[in-house]
Amino acid sequence: MYSTKAYAARAANSPLGPFSFDRREPMPNDIQLDILYCGVCHSDLHTVRDEWGGTTYPCVPGHEIVGRVVKAGRDVKNFREGDLAAVGCMVDSCRTCDNCRADLEQFCDKGVVFTYNSKDEHTGGITYGGYSKSIVVDQHFVLRISDKLDLAATAPLLCAGITTYSPLRHWKVGKGQKVGVVGLGGLGHMGVKFANAFGARVVLFTTSPGKTDDALRLGAHEVVISKNDAEMKKHEKSFDFILDTVSAQHDLNAYLSLLKRDGTLTLVGAPPEAIPIEAFSLIHRRRQLAGSLIGGIAETQEMLDFCAGRGITCDIEMISIDKINEAYERMLKSDVKYRFVIDLATL
Ligand code: NAP
Ligand code: ZN
Ligand code: ZN
């Protein structure tokens, strides 16, 4: 075991502050990374404040990790000391169940081990994430990244990127389709970039009129202010697919009514509260309501390679780690353009 510095929350209602804990020494299949950058996901905030229930304290969040390999175990194949590497939302799974074998480790039947706030069988405690200086991860869960792209702007691809890429691929979004993205935050701005890159006509729904110009620059063809009923009504029964990234309670029926026959509304946003659905929103036009959770490791690598090929990264605001509590407050006010990334050199 070796000690690493971190930032942790001690309770649901206390701010994050300095903390240190022990990581395991790398085993034969493990890679030890010095963490350079870590993105700040709204899931970090939901977890730190125990909004979904089940948070164990102290909690060290962070699952958009970019770093440099400092040690590679003797059975590690694709990485060596000095390489750049990345870690996303998962650090382990059973590797043998149907879902793991289908490269969908996030749905592991035995329970995927998330990067933070999951049971850690190596330490007997819980996993600690990327708001820290160093991490040790099995090679299967370590991703290759391009050294041609900005490293800090690459970090949020590990969650915001894959979480939007995966459903857009699964529901085969592409040319000739009209696609909506709801919410222009960390996930939403990547949803807009990917839907545009896949050739769809992209409409961004926002509650923040001030984000209109940015949305158009990021790849939206049209922007709708969702609080304006007349603007919403103009789009009734016209969408093939809508990706909803909103982190708080909102009216899903209003978006279902915008789908055409057999259209799908997919939730990736995870508001803690239950959201009412009217049966008629679905019955008319045989509409579908679905959900999607991050993406498997193979698809995450595919997404990173796609981004490297197209020069796609995230639009970020870099912060020092002591600004993390302020960043959470700004995220709650939808005041982030469009992902905070922590520079771990400041820890
Ligand atoms: P974020 O950066 O805070 O973006 C959320 C956006 O939702 C905001 O920028 C805002 O966009 C909109 N919004 C916020 N409150 C709203 C409200 N009351 N009504 C309507 N719109 C509202 O968050 P994020 O990191 O992108 O994460 C978004 C959600 O996805 C979170 O719940 C997170 O936990 C979840 N998530 C899920 C997965 C998964 O695998 N499914 C993975 C990562 C994150 P506008 O200003 O444009 O309206
Ligand atoms: Zn996330
Ligand atoms: Zn499994």
Side-chain angles (χ1 to χ4, degrees), residues 38-49 51-52 61-65 88-90 92-116 129-130 140 155-167 181-192 204-212 214-215 218 220 223-227 243-252 254-255 266-273 275 290-296 300 314-317 327-340:
C38 183
V40 178
C41 179
H42 207 115
S43 302
D44 301 352
L45 191 159
H46 288 310
T47 307
V48 157
R49 300 193 178 175
E51 292 173 356
W52 292 327
H63 57 205
E64 295 182 335
I65 299 168
C89 304
M90 307 180 279
D92 215 345
S93 72
C94 84
R95 326 285 172 88
T96 56
C97 74
D98 286 352
N99 291 324
C100 283
R101 280 153 53 147
D103 289 326
L104 295 166
E105 299 89 344
Q106 72 272 33
F107 305 127
C108 176
D109 287 334
K110 307 240 168 71
V112 62
V113 181
F114 288 114
T115 305
Y116 61 83
H140 181 77
L157 295 176
L158 276 301
C159 175
I162 185 60
T163 302
T164 49
Y165 181 95
S166 182
V181 175
V182 188
L184 196 68
L187 268 55
H189 94 290
M190 292 314 299
V192 167
L204 184 271
F205 295 91
T206 182
T207 59
S208 310
K211 293 181 182 175
T212 302
D214 281 347
L218 292 164
V223 177
V224 173
I225 307 304
S226 53
K227 295 173 190 157
L243 187 66
D244 187 323
T245 75
V246 174
S247 51
Q249 176 75 269
H250 61 295
D251 181 14
L252 289 187
Y255 291 100
T266 295
L267 302 182
V268 285
E273 314 81 16
I275 301 181
S292 187
L293 177 68
I294 50 175
T300 304
C314 307
D315 288 36
I316 63 159
E317 179 177 338
Y328 279 12
E329 291 311 313
R330 283 184 53 197
M331 188 152 65
L332 280 175
K333 287 188 241 155
S334 301
D335 174 24
V336 43
K337 293 188 170 169
Y338 281 87
R339 194 59 134 190
F340 291 113

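Counting convention: from 1, in listed order, for ligands and their atoms alike.
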Step-by-step salt bridge (charged side-chain N to carboxylate O under 4.0 Å, His left out) determination, Arg339 to Glu64 = CA-CA 11 Å; Arg339 194 59 134 190; Glu64 295 182 335; 2.8 Å; yes

Under 4.0 Å from a heavy atom of [X]: give me the atoms of ligand 1 that qualify, with their elements.
X      : value
Trp52  : 34 (O)
Cys159 : 42 (C), 43 (C)
Ile294 : 39 (C), 40 (O)
Thr163 : 38 (C), 39 (C), 40 (O), 41 (N), 42 (C)
Lys211 : 9 (O), 11 (O), 45 (P), 46 (O), 47 (O)

Does ligand 1 come near enough to [X] that some N or O of the ligand is less than 3.5 Å from an N or O of the residue?
X      : result
Ser208 : yes
Gly188 : no
His46  : yes
Ser292 : yes

Could you name the option among [options] that has the heavy atom nearest to [atom]?
atom                    : options                        : value
atom 12 (C) of ligand 1 : Gly88, Pro272, Gly183, Gly186  : Gly183
atom 26 (O) of ligand 1 : Val181, Val182, Leu187         : Leu187
atom 47 (O) of ligand 1 : Thr245, Val246, Val268, Thr206 : Thr206

If you have a sec, work out which protein heavy atom is nearest [atom] and how many Å separate them, to one decimal?
atom                    : value
atom 11 (O) of ligand 1 : Leu184 N, 3.3 Å
atom 8 (C) of ligand 1  : Ser334 OG, 3.6 Å
atom 48 (O) of ligand 1 : Thr207 OG1, 2.6 Å
atom 44 (C) of ligand 1 : Ser43 OG, 3.2 Å
atom 5 (C) of ligand 1  : Ser247 OG, 3.8 Å
atom 18 (N) of ligand 1 : Ala248 CB, 3.5 Å
atom 3 (O) of ligand 1  : His42 ND1, 2.7 Å
atom 25 (O) of ligand 1 : Arg339 NH1, 2.6 Å

So, Asp44 versus Tyr328: side-chain donor-acceptor pair below 3.5 Å or not?
-> no

Verify whether one side chain among His250 and Asp244 offers a donor that lies under 3.5 Å from an acceptor in the other.
-> yes

Distance from Leu104 atom CG to Asn99 atom CG, nearest 0.5 Å?
-> 6.0 Å

Just by distance, do the side chain of Ser166 and the backbone of Gly295 share a donor-acceptor pair under 3.5 Å?
-> no

Output yes when a side-chain donor or acceptor of Thr245 lies under 3.5 Å from a complementary backbone atom of Leu187, and no otherwise.
-> no

Using the Zn ion (ligand 3) as the apex, give the angle to atoms SG (Cys100) and SG (Cys94), rounded to 10 degrees.
-> 120°

What is the ring orientation for His46 with Trp52, classed by angle as parallel under 30°, tilted 30 to 60°, or perpendicular over 60°?
-> tilted

For the Zn ion (ligand 2), angle spanned by His63 NE2 and Cys159 SG (nearest 10°) is 110°

With side-chain contact (heavy atoms from CB on, under 4.5 Å) as the test, would you mind laying out the steps for Cys108 and Met90 before giving the verdict?
-> CA-CA 11 Å; Cys108 176; Met90 307 180 279; over 6 Å; no

